[in-house]
Asker: 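Questions regarding the structure given below will be posed in turn.
Positions are given from 1 along the sequence. Indexing begins at 1, ligand by ligand and atom by atom, following the structure's order. Computed from heavy atoms alone, side chains included, the values below leave out hydrogens, waters and symmetry copies.
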Amino acid sequence: MKDYPNVTIFNHPLIKHKIAILRDKETSMKEFRELIEEITTLMTYESFKDVPTEEKTVTTPLETCVQQVIVDNSVVIVPILRAGLGMVNGVHVLFPSARVGHIGMYRNEETLEPCEYYCKLPEGIADKFVIVVDPMLATGGSACDAIDLLKKRGCTKIKVMAIIGAPEGVTKLAETHPDVDVYVSTLDRCLNENGYILPGLGDAGDRLFGTK
Ligand code: PRP
Ligand code: URA
């Protein structure tokens, strides 16, 4: 896959270690859920280097100084249902007051085309830093459609965070939305004939919620 200026692939040993456990088919639902959250928090730390800050005067026991703090209510988390829900707490650890918008999409199993079935976004989202979260970026269809929807609502500052990406999906997202920053913790080999990522981790929603 070629390099894209708007795509960051993480190459951190802490994340690699957690991904190895996440992939293992013997990993329990509880551990899977915890790992998704932990990896998301590690990725959030790095992905929000440009989050807006403002000055605040703080009085220490010794003197008063001017400090940088994150602008209140500047971030909105948008999980793509269902599997994106598993990443919300991982972002909330670092942005506890972030509001959450939900976009429901499922992939048609034959065409692999995403179908939107739900959308509820916080008021005023157009002015916020929006982070779209979904553990799996396979064909990229779901993420691209979610971004189209957010842009139609006026959002201009959008990031996407995915735990595992296929080259097909990362390429589609990077080229369709070059103005969106894309963060992927691991780039996998390819998609199989059913649109699953190889080696991947299987169906993220099923593993998070125990539906299979
Ligand atoms: C999975 C995943 C993404 C989508 C990725 O969701 O969580 O949303 O597939 O595939 P794409 O990049 O090819 O669009 P799925 O449709 O299985 O729904 P679920 O989260 O409810 O299980
Ligand atoms: N969705 C998943 O949950 N896993 C894949 O490998 C592809 C799409």
Side-chain angles (χ1 to χ4, degrees), residues 1 4 6-7 9 18-29 31-37 39-40 43 77-91 100-121 130-151 158-178 180-212:
M1 197 190 79
Y4 293 96
N6 58 327
V7 175
I9 312 276
K18 289 179 190 295
I19 295 273
I21 307 170
L22 195 68
R23 290 189 197 278
D24 189 334
K25 66 184 170 63
E26 303 301 335
T27 295
S28 71
M29 184 176 68
E31 201 179 356
F32 189 89
R33 201 167 52 230
E34 289 167 354
L35 285 162
I36 291 271
E37 281 188 27
I39 295 165
T40 302
M43 292 178 75
I77 310 165
V78 177
I80 301 180
L81 308 182
R82 287 176 302 168
L85 287 174
M87 297 175 72
V88 173
N89 287 348
V91 183
V100 182
H102 295 87
I103 297 179
M105 288 199 181
Y106 68 87
R107 289 199 312 175
N108 178 308
E109 284 180 9
E110 265 134 47
T111 64
L112 301 181
E113 289 296 320
C115 307
E116 184 197 326
Y117 61 88
Y118 185 77
C119 181
K120 182 89 179 167
L121 301 171
V130 178
I131 177 92
V132 176
V133 291
D134 191 331
M136 309 306 277
L137 188 54
T139 65
S142 305
C144 282
D145 281 15
I147 293 166
D148 283 340
L149 195 155
L150 290 164
K151 286 184 173 174
I158 305 172
K159 296 176 188 286
V160 174
M161 203 155 66
I163 293 188
I164 296 195
E168 296 88 331
V170 176
T171 299
K172 177 177 167 125
L173 186 52
E175 292 186 356
T176 312
H177 294 288
V180 168
D181 293 326
V182 180
Y183 300 90
V184 177
S185 77
T186 298
L187 186 67
D188 271 10
R189 197 171 72 248
C190 62
L191 297 176
N192 73 7
E193 61 283 6
N194 299 317
Y196 275 81
I197 301 174
L198 295 176
L201 49 72
D203 187 302
D206 284 341
R207 294 195 64 182
L208 274 166
F209 300 113
T211 37
K212 253 186 201 152

Asker: Starting from the C-alpha separation in whole Å, work towards a yes-or-no answer on side chain to side chain contact (heavy atoms under 4.5 Å, CB included) for Ile147 and Leu173.
Answerer: CA-CA 9 Å; Ile147 293 166; Leu173 186 52; 3.4 Å; yes
Asker: Does Ala138 reach ligand 1 with a nitrogen or oxygen that is under 3.5 Å from one of the ligand's nitrogen or oxygen atoms?
Answerer: yes
Asker: Tell me which protein heavy atom sits closest to atom 4 (C) of ligand 1, plus the residue, atom name and distance to 0.1 Å.
Answerer: Ser142 OG, 3.6 Å
Asker: Below 4.5 Å, heavy atoms only, C-beta onward: do Lys212 and Asp203 meet side chain to side chain?
Answerer: no
Asker: Yes or no, since that's all I need: does a protein heavy atom fall within a distance strictly under 4.0 Å of atom 1 (C) of ligand 1?
Answerer: no
Asker: Give me the nearest non-hydrogen protein atom to atom 17 (O) of ligand 1 as residue plus atom name, then the distance to 0.1 Å.
Answerer: Asp203 OD2, 4.1 Å
Asker: How about Ile197 and Leu191: do any of their side-chain heavy atoms sit closer than 4.5 Å?
Answerer: yes
Asker: Compute the shortest N/O to N/O distance between Gly202 and ligand 2 and return yes if it is under 3.5 Å, no if not.
Answerer: yes
Asker: Among all protein heavy atoms, pick the one closest to atom 3 (C) of ligand 1 and tell me residue, atom and distance.
Answerer: Asp134 OD2, 2.9 Å
Asker: Has Asn89 got a side-chain atom pairing as donor or acceptor with Glu37's backbone, closer than 3.5 angstrom?
Answerer: no
Asker: Any heavy-atom pair between the side chains of Leu201 and Met136 that's under 4.5 Å?
Answerer: yes
Asker: Is atom 6 (O) of ligand 1 touching the protein, meaning some protein heavy atom lies under 4.0 Å away?
Answerer: no
Asker: If you have a sec, work out which protein heavy atom is nearest atom 8 (C) of ligand 2 and how many Å separate them, to one decimal?
Answerer: Arg107 NH2, 3.4 Å
Asker: Looking at side-chain heavy atoms only, is the closest gap between Asp188 and Arg23 below 4.5 Å?
Answerer: yes
Asker: Considering only non-hydrogen protein atoms, determine which one is nearest to atom 18 (O) of ligand 1 and report residue, atom name and distance to 0.1 Å.
Answerer: Met105 O, 4.0 Å
Asker: Could you identify the single nearest non-hydrogen protein atom to atom 5 (C) of ligand 2 and state the distance to 0.1 Å?
Answerer: Tyr196 CD2, 3.4 Å
Asker: At what distance is the nearest protein heavy atom to atom 3 (O) of ligand 2, and which residue and atom is it?
Answerer: Ala204 N, 2.8 Å
Asker: Considering the heavy atoms of Tyr106, write down every atom of ligand 1 situated less than 4.0 Å from one of them.
Answerer: 16 (O)
Asker: Below 3.5 Å, N or O to N or O, backbone or side chain included: is there any such pair between Ala83 and ligand 1?
Answerer: yes
Asker: Give a yes/no verdict on whether any heavy atom in Arg207 is under 4.0 Å from an atom of ligand 2.
Answerer: no
Asker: Is a side-chain N or O of Arg207 found less than 3.5 angstrom from the main chain of Leu22, in a donor-acceptor match?
Answerer: yes
Asker: Can you check whether Leu208 reaches Leu85 side chain to side chain, under 4.5 Å on heavy atoms?
Answerer: no
Asker: Counting C-beta onward and ignoring hydrogens, is there a side-chain heavy-atom pair between Glu109 and Asn194 closer than 4.5 Å?
Answerer: no
Asker: If we only count heavy atoms from C-beta on, is the Ile158 to His177 side-chain gap below 4.5 Å?
Answerer: no
Asker: Check for me whether Ala166 has a heavy atom closer than 4.0 Å to any atom of ligand 2.
Answerer: no
Asker: Quick check: does Met136 get an N/O under 3.5 Å from an N/O on ligand 2?
Answerer: no
Asker: Sub-3.5 Å donor-acceptor pair from the side chain of Asn6 to the main-chain atoms of Val180, do we have one?
Answerer: yes
Asker: Output yes when the distance from some N or O of ligand 1 to some N or O of Gly140 is under 3.5 Å, and no in every other case.
Answerer: yes
Asker: Is any side-chain heavy atom of Ile103 less than 4.5 Å from a side-chain heavy atom of Leu121?
Answerer: yes
Asker: Would you tell me which option among Asn108, Thr139, Leu137, Val170 has the nearest heavy-atom contact to atom 13 (O) of ligand 1?
Answerer: Thr139
Asker: Which protein heavy atom lies closest to atom 6 (O) of ligand 2, and at what distance to 0.1 Å?
Answerer: Ile197 N, 2.8 Å
Asker: Can you list the atoms of ligand 2 that are under 4.0 Å from a heavy atom of Ala138?
Answerer: 7 (C), 8 (C)
Asker: Using distance alone, decide if ligand 2 has a nitrogen or oxygen within less than 3.5 Å of any nitrogen or oxygen in Gly195.
Answerer: no
Asker: Measure from atom 21 (O) of ligand 1 to every heavy atom in Arg82, Arg107, Glu168 and give the option owning the shortest one.
Answerer: Arg82
Asker: Hydrogens and angles aside, do Arg107 and Thr139 bring a side-chain donor and acceptor to less than 3.5 Å of each other?
Answerer: no
